[in-house]
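Contents: one structure, followed by commentary.
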Amino acid sequence: MISFENVTKLFGDLVAVDGVSFTVQKGEAFALLGPNGAGKTTLVRMLLGFSRSSAGNIRIHGLPAGKPASRRKLGYLAENHRIPPYLSGWEYLMRHAAFCGLNGARARTAAGDMLQRVGMQGQERKKASHYSKGMVQRIGLAAALLGDPELLVLDEPVSGLDPLGMRDIRILLETFKTRGGTLLLNSHLLSEVERLCDSVAIMNKGRIVVKGGLAKIVQENETLEAVFIRHVEGGTE
Amino acid sequence: MGRISLVTVKDLMRQKSFYVLLAVALFFVLLLRSCYHGSYNVNGQTMPSASVAFHASLIAFHVVAAGMFLMTTLLAMGIFSRDRNDGSLVMFLSRPMDRWQYVLGRIAGTWMLATLFMFILHLTIALIGLANTGSLIAGYLTASLICSVNLLFAIVLTCTLSLFFPNVVAALFSLIVIGISFVSDGAYQLMQSDMVRQMVSGQADISLWRTLFPKVYMLQDIASSWITGTSFDAMPSAYVWTNVLFYTAVLGIIALLRFRGSEI
């Protein structure tokens, strides 16, 4: 469903992403892990077409990333998600629904359903300027799930959420995965990744230092955190 | 693109400043009513009220059309930066939308609203004239629509510049370009008048840069000729139309190219 082939991104002399290759299969929950500045968000931004790769190919459903058609069945939640302050949560969702091709009663039903699923019913008429960070994340996730996406790309989806909010989002993502959805998750919360994802890639300094199925990477009597620290601090492959 | 244009109109109409501007503009336009009731003497002769109404409406037409440049520049200068800052850009482009659709949709929406704004003001003036003289000035509203092409130029110019410079600089630069067009072409047209020709011997030369400079003033004058019913003969009107549309298209292409390569 997603493929990165020798993707490199340069910002001047800085190599933000250095020859990264991996694939995410349909129905898979894949996590990108790495310390700050490892290049995870840059990869996600290139996948969405927000930034162009300096070299290599990125494809979604076989289509080059950046082509609008590649985002047809894609939901995205950005890191530090923002909602225009003059819009209410409801207006924001309706706007997303319209751009997903949902109109009228179908849009209202879908938006109402999503609000319920992210636990924001009753709050949807408030302007976004009155939302807490957690509420913005919830509305952002609801927007990403609108239009029945086959692929969800989430950049730090639980940042700003309290433990209950994290649990709610995890349940929501587990449901999405159970229904056959593909998930690309960029997160620092290793415990959440362990619970949710099938495969991971750990990045450091723009390169993938280890990738594969969780069961393969994390040995018995070991945690993902220990693997992460070993590979990032050790700088080994 | 149609959907994003509609969203743009809605977004701009959410801003309180839009209504404040409209209310202030309407207030000044409504002040015109008193002009129709005055007694005016020219060379000792009292001007007929129909003539007073006509000239007052014509002056108001030009004032509104010129004032709209300021309004559109203010509207257009922050479109892209605001979208970047408040998350709208990510919202639009994470959906199956091409960048050119976003840019042209935002520009088209702003143009639609600015045209409507100016049309409301011109319609108000036309209705005041109708109420005072019992007849609608022919070509008045057509002239308003012709001037909307100038607004498109101003919006595209400001939007394009705002992709290279800070918003305020982009707005100021746009106003300077429009101002130069008014001064340069206004002076040229004055030089072409019979009275000045008699005072100044020989033909007034027109330098190349003046010929090539955006002809927003001339286009407004073409619009005005629809009201006065006179022929526009300062220069070929086809050239004026081509000039303004050419600059608008070139600036639009620059904006698209600039936006296509930018990091979101």
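Chain naming here is simple, since letters A, B, ... match the order of the sequence lines and numbering starts at 1 in each.
Residues B:Val149 and B:Trp241 meet the side-chain proximity criterion, which asks for heavy atoms closer than 4.5 Å. Between B:Leu75 and B:Ile155 there is no side-chain heavy-atom pair separated by less than 4.5 Å.
Taking A:Arg52, A:Arg45, A:Arg71, A:Lys67 one by one and counting their heavy-atom pairs under 4.5 Å with chain B, the maximum is reached by A:Arg71. By number of non-hydrogen pairs under 4.5 angstrom with chain A, the leading residue of B:Ile4, B:Val7, B:Asp11, B:Asn85 is B:Asp11. Ranked by heavy-atom pairs shorter than 4.5 Å toward chain B, the options A:Cys100, A:Gly140, A:Ala98 are led by A:Ala98. Here A:Arg82 is the residue among A:Arg72, A:Lys73, A:His81, A:Arg82 with the most heavy-atom pairs under 4.5 Å with chain B. Counting heavy-atom pairs under 4.5 Å between each of B:Arg82, B:Met97, B:Met91 and chain A puts B:Met91 at the top. Ranked by heavy-atom pairs under 4.5 Å with chain B, the first of A:Ala143, A:Pro84, A:Gly75, A:Ser51 is A:Pro84.
Interface remark: B:Arg14 contributes side-chain atoms only to the contact with chain A (heavy atom separation under 4.5 Å). Interface remark: A:Tyr86 contributes backbone and side-chain atoms alike to the contact with chain B (heavy atom separation under 4.5 Å). Neither the backbone nor the side chain of A:Ala128 comes within contact range of chain B; no heavy atom of the residue lies under 4.5 Å from a heavy atom of that chain.
Checked by atom type, the side-chain pair A:Glu28/A:Ser199 shows a donor-acceptor distance below 3.5 Å. In summary, the side chains of A:Asn36 and A:His188 do present a donor paired with an acceptor at a separation below 3.5 Å, with no hydrogens or angles considered. Residues A:Ser88 and A:Arg125 bring no donor and acceptor atom of their side chains to less than 3.5 Å of each other.
Closest approach of B:Asn243 to B:Pro214, counting heavy atoms only: OD1-CA, 3.3 Å.
Ring orientation note: the planes of B:Tyr102 and B:Phe92 are tilted relative to one another, at an angle of 30° to 60°.
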